[in-house]
Amino acid sequence: MDALTLPLSNQLLVLTAPHAAVKLMLELSARLALSGELRVLDGGNRFNVYPVARIIRRYSPELTRALARIRLARAFTCYQAAAMLADMPAETRPLLVIDLLATFYDESVNLNESRRVLAGCIPHLQRLSRIAPVVVSAKPPAPISPERAVLAEDLRNAAAGDWQLETLPAPKAATLWDMGA
Amino acid sequence: MGRTLPSITQEFMQEQEAFARFRRALRRADQLALDDLFASARQHLSAAAYAAHALPMETFLLSMMLEQHKEVLRLRRELDELRGALHG
């Protein structure tokens with residue numbers, strides 16, 4: 001999927017992918033920063049500004065100005081994520097939430113509590129998505145805690161659009177034997 | 001709470017890794033010269049970290065040029081000394 005073709009209407013879009021589609025979200029951040037302001041909420045400490053800067057520089061010499069259009073906040077616990085979303089005013093600037101569920105997968109918060117906090121976040125995401133595009137990326141839970149998959153399901157059920165991305169198998173290098181066949 | 005950005009050393013390693021295919025396609029002598037260039041940039045990692053540039057590769061390239069220019073200055077000085085010795 002190309003970030004250019006990503007539909008960005010006023011709706012809540014959830015992307016579920018390994019590594020929370022970080023590359024795609026960074027690309028999308030850069031593309032949006034080229035044209036206007038945006039808000040980024042990073043739930044998994046995954047927002048690396050260097051690739052974003054490289055993408056912006058590819059399209060524009062005004063690197064500093066474009067970077068300044070990104071308003072970044074990082075949440076290190078699910079409670080912080082919930083508080084940030086609750087306090088966030090509804091604005092026309094797009095909101096990208098990167099790896100929202102990372103802190104909700106934290107084993108030190110039990111599953112029921114995580115679900116309760118997430119259930120509090122979802123109405124705020126929907127509220128914000130009424131006047132601006134909201135794109136949320138999430139990753140599946142670790143294999144050792146499969147029961148936490150319900151969190152991703154809850155999030156997907158609340159979304160207007162739900163995309164699940166899968167990693168493609170690595171391309172196999174052609175050998176002389178393949179070419180002869 | 002961890003780092004919010006990769007360290008400058010990590011970023012340097014990633015940039016170097018990004019040129020691995022380019023390096024592999026070079027002749028052996030050119031590979032060694034390229035390794036020298038990266039080694040010269042590595043000497044200035046602390047300055048690059050302090051610069052906190054959004055595009056660290058630009059700082060690495062400038063570090064390489066800095067070392068190249070130091071080498072040019074050193075050779076120029078040696079040449080002047082040799083000229084002085086010859087004519088003096």
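Below, chain A is the first sequence line, B the second, and so on; all start at residue 1.
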Neighbour count >12 (heavy atoms, 6.0 Å) for atom CD, Glu107(A):
no
Might you point out which heavy atoms bring Ala53(A) and Ala54(B) nearest each other, and give the distance in Å?
CB-O, 3.4 Å
So, for Val49(A) and Leu5(B), which heavy atoms are closest and what is the spacing to 0.1 Å?
CG1-CD2, 3.6 Å
Can you tell me how far the CZ atom of Arg3(B) sits from the CG atom of Asn48(A), to the nearest 0.5 Å?
11.0 Å
Calculate, to the nearest 0.5 Å, the distance between atoms OH and CD1 belonging to Tyr50(A) and Ile8(B) respectively.
4.5 Å
Does [X] belong to the same Ile/Leu/Val/Met/Phe/Trp/Tyr cluster as [Y], with side-chain heavy atoms less than 4.5 Å apart forming each link?
X	Y	value
Leu125(A)	Leu32(A)	no
Leu13(A)	Leu28(A)	yes
Ile70(A)	Val97(A)	no
Met84(A)	Val136(A)	yes
Ile131(A)	Met88(A)	no

Between Arg54(A) and chain B, with a heavy-atom cut-off of 4.5 Å, which part of the residue counts as in contact: side chain, backbone, both or neither?
both
What part of Ile56(A) gets closer than 4.5 Å to chain B, counting heavy atoms only: side chain, backbone, both or neither?
neither
Could you please state which residues from residues 12-22 of chain B sit under 4.5 angstrom from chain A, measuring non-hydrogen atom to non-hydrogen atom, sorted by number, or 'none'?
Glu15(B)
Inter-chain contacts: residues 55-70 of chain B against chain A, heavy atoms under 4.5 Å:
Leu55(B), Pro56(B), Glu58(B)
